[in-house]
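Below, each value reflects all heavy atoms present in this structure, side chains not excepted, and no hydrogens, waters or symmetry copies. Throughout, a chain's letter reflects where its sequence line sits, starting with A, and its residues are numbered from 1. No experiment lies behind these values; they were computed from the predicted model shown.
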Amino acid sequence: MAIYSAPFALHHNNLCLQNPPIIRLNLRSSSHHHHRFSTITKYVNFSKAKSTNQTISSSVQQDELMLTNIATVLHSMDLTNPDQCVQSYSLILRNCRKLHNLQLGSQIHGHMIVSGVELCEFLGSQLLEFYCKVGCIDNTRKLFDEMPERNVFSWTSVIGLYCELGDYNETINLFYLMIDEGVRPDHFVFPKVFKACAQLKNYQAGKDVYDYMMTIGFEGNNCVKRAFLDMFIKCGRMDIARRLFEQMNSNDIIMWNMMVSGYVLKRDFKRALRYVDQMRLKGVNPDRVTFNTILSGYAQEGQLKEAAKYFSELRGFGGLEPNIVSWTALITGNIQNGYPYKALNLFKKMVTKGLKPNSTTISSVLSTCTNLSLQKYGKEIQAYCIKSEELDSNIFVGNSLITFYSKSRNLNDTTRKHFNRLQQKDLVSWNSILSMSATKGSRDDVIKFLNDMELQGVSPDIITWNGIITGFTQYGDGKTALEFFTKTCHRGLSLNTTTISGALSACAQTKDLKFGKKIHNYVIKNQIETVSGVGSALIAMYSQCNNLESAFKVFNGLSRKDVTIYNTLISASGKIGFGVGAFDLLREMVLRKDLKPDSVTMISVLSVCSKLAALRQGKEIHVSIIRHGLESSNFVCNALIDMNRPSSLRLFPSSPRHHRCSKKVSIPDSPCHCLITATDKLCDSRFGCKLYDSYYRL
DNA sequence: CTAGGGTTAG
């Protein structure tokens, strides 16, 4: 029967039953595997922050013990007793599963074939479960398709594997195939299917499964209940989740927390907090997760005061110390809402308190270091990570470090060294190093890394190519960017708006109107969304190729125009010297009720003014800047100064930009403050005031 | 007959 065939070539001669040396071979090959395995385990356990060095070494001991057990059982097996064989193989396979050792398990599979044991329904499902748990989809599928009897265990294993791999559509498909085959689903399989629907945010699919469950009168346990509750929440149906949850009258803290998190996700803090009160009334005490859920919601929303309140409420109400999740939520909240230095201080405070940052914390903090160019601080963090085995081998940490080094100046070699010493590399790692190499203009490196990644079995995706294209354009090598764009097209990947706008920028840079037109045709033919990115890239391309007329044509042809589109055409008109056009566009924009000029608009128009020495219009625009509340932007101030430069130069023959100063002053909320900040920190108060006077005298 | 799993917080 086909099921007895090994799914791949096995070293049968190595698996001779009477020959003890084989087991040595098995052991050796497994301990060889061991290194790889232990890093995977560490990676998996990482987020749970459980694995200390101690548990790792004890798990190594446990593994050794299991291997020895396998060897013993294999040798003491009585091949004349089929029942005993089934028992033994079942035990061995369970251990192989725990060891997560594909090679060992495959050899056992071979052993089973050679021994001639009948691969009954039970043993078949055991073997299948093994292949599923090690994530070996090919062997799983082959075995599963050939199995004559597929019980609920086998179906659940395979469905679980597809769910684990993220193929949620197939997860749902298989569920219905199972039903069609007459197998009744149980409380092990429902959670997986609900999870698939939840991940897909496919309400209809989820409701169908739920309705089916009701039709067959299935009484779900807590796991099942949590799963479909989660599904309705993830699909945004709090109304249904709420109705079902209240019907359940449950005192399960996890379900309560799920409801709270559902409302927090919708930013409905009022309802979320009402649930916290209700759970207290029910005698279910809110735990750390409850508080962290609310804390993180407020932090993400930028309501940092409220977030801090719940941070302290943990202790006050809950009698709990904030844990790493609480701290990290607060830190990332500060980062994402424009307080990076506050975030760094929190990080320091956290470390001082003796809390150990984990990969999420480190990634957030490193991204701040990258954005603020805090080279020294970032390096300190790496030094910290190297000391910790878990952090050092963590792929998220590794990837944040690639970004950090590649955005730092003069650290190209450091980046490469760091990249080479990474134990694990994923697509993100390769994409980062490739994007960096392109940004630095190293065509050779890009080719080398592309080659290396393919050799290591990672194929570039559209993000890889986008990074390369925009990288070279940023570097100023539009020609090479277009060369890689052509390569991307040959790959047959579907291009997205980033690819198109990147390529159009490259055309603009090289003034390659012909290529640009070709891309424009592609955009029209494939009906690519022209809002924002692509639309403005087209306008910029045509105008930089000295074809302002086509730029206006594109602009007029756009069904929806946003601020960016207007800004691009205003700036393009200004650059070409078509000042009237720029002013008209601004007027048109102000008249539209759905659009508001932003600081970029103002900068573009002001640069037109300074180019045309149109001081009167410039002053009108200054009024408009104040009216729109944009005067606090440093960039706008710079543009205002630029506009007045000819006059300031007349008044101050020693150019303000070269003025050395000894004292820093700042007069908040005054134009003077803006001017001081803007002119490269011209910080002499006397000078600042003169500048201030001069501006208003104009 | 034996066997299997999952959820809320960054």
Inset, instruction - Establish whether the base of B:dA9 is bridged to the side chain of A:Asn257 by a donor-acceptor pair shorter than 3.5 Å. - result: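 Such a pair does not exist between side chain and base.
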Legend entry - Contact residues, residues 151-182 of chain A to DNA chain B [heavy atom, < 4.0 Å]: A:Asn151, A:Phe153, A:Thr156
Inset, instruction - Please list, by residue number, the residues of residues 285-309 of chain A whose heavy atoms come closer than 4.0 Å to an atom of DNA chain B; answer none if no residue qualifies. - result: A:Val289, A:Asn292, A:Thr293, A:Ser296, A:Gln300
Closest to the [X] side chain: [options]?
X: A:Phe122; options: B:dT8, B:dT2, B:dG10; answer: B:dT2
X: A:Thr328; options: B:dG10, B:dT8, B:dG5; answer: B:dG10
X: A:Ile324; options: B:dG10, B:dG4, B:dA3; answer: B:dG10
X: A:Val325; options: B:dT8, B:dG10, B:dG5; answer: B:dG10

Legend entry - Between B:dG10 (P) and A:Asn323 (CG): distance, integer Å: 11 Å
Inset, instruction - May I ask you to say whether A:Asp138 pairs ionically with A:Lys142, meaning some side-chain N is under 4.0 Å from a carboxylate O? - result: no
Inset, instruction - Before accepting this row, confirm whether a basic side-chain N of the pair A:Glu170/A:Arg141 lies closer than 4.0 Å to the acidic partner's carboxylate O. - result: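 Between A:Arg141 and A:Glu170 there is a salt bridge, with a charged N closer than 4.0 Å to a carboxylate O.
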Legend entry - Ring centroids of A:Trp256 and B:dT8 base under 5.5 Å with planes under 30°: no
Inset, instruction - With side-chain contact (heavy atoms from CB on, under 4.5 Å) as the test, would you mind laying out the steps for A:Ser261 and A:Asn257 before giving the verdict? - result: CA-CA 6 Å; A:Ser261 120; A:Asn257 284 343; over 6 Å; no
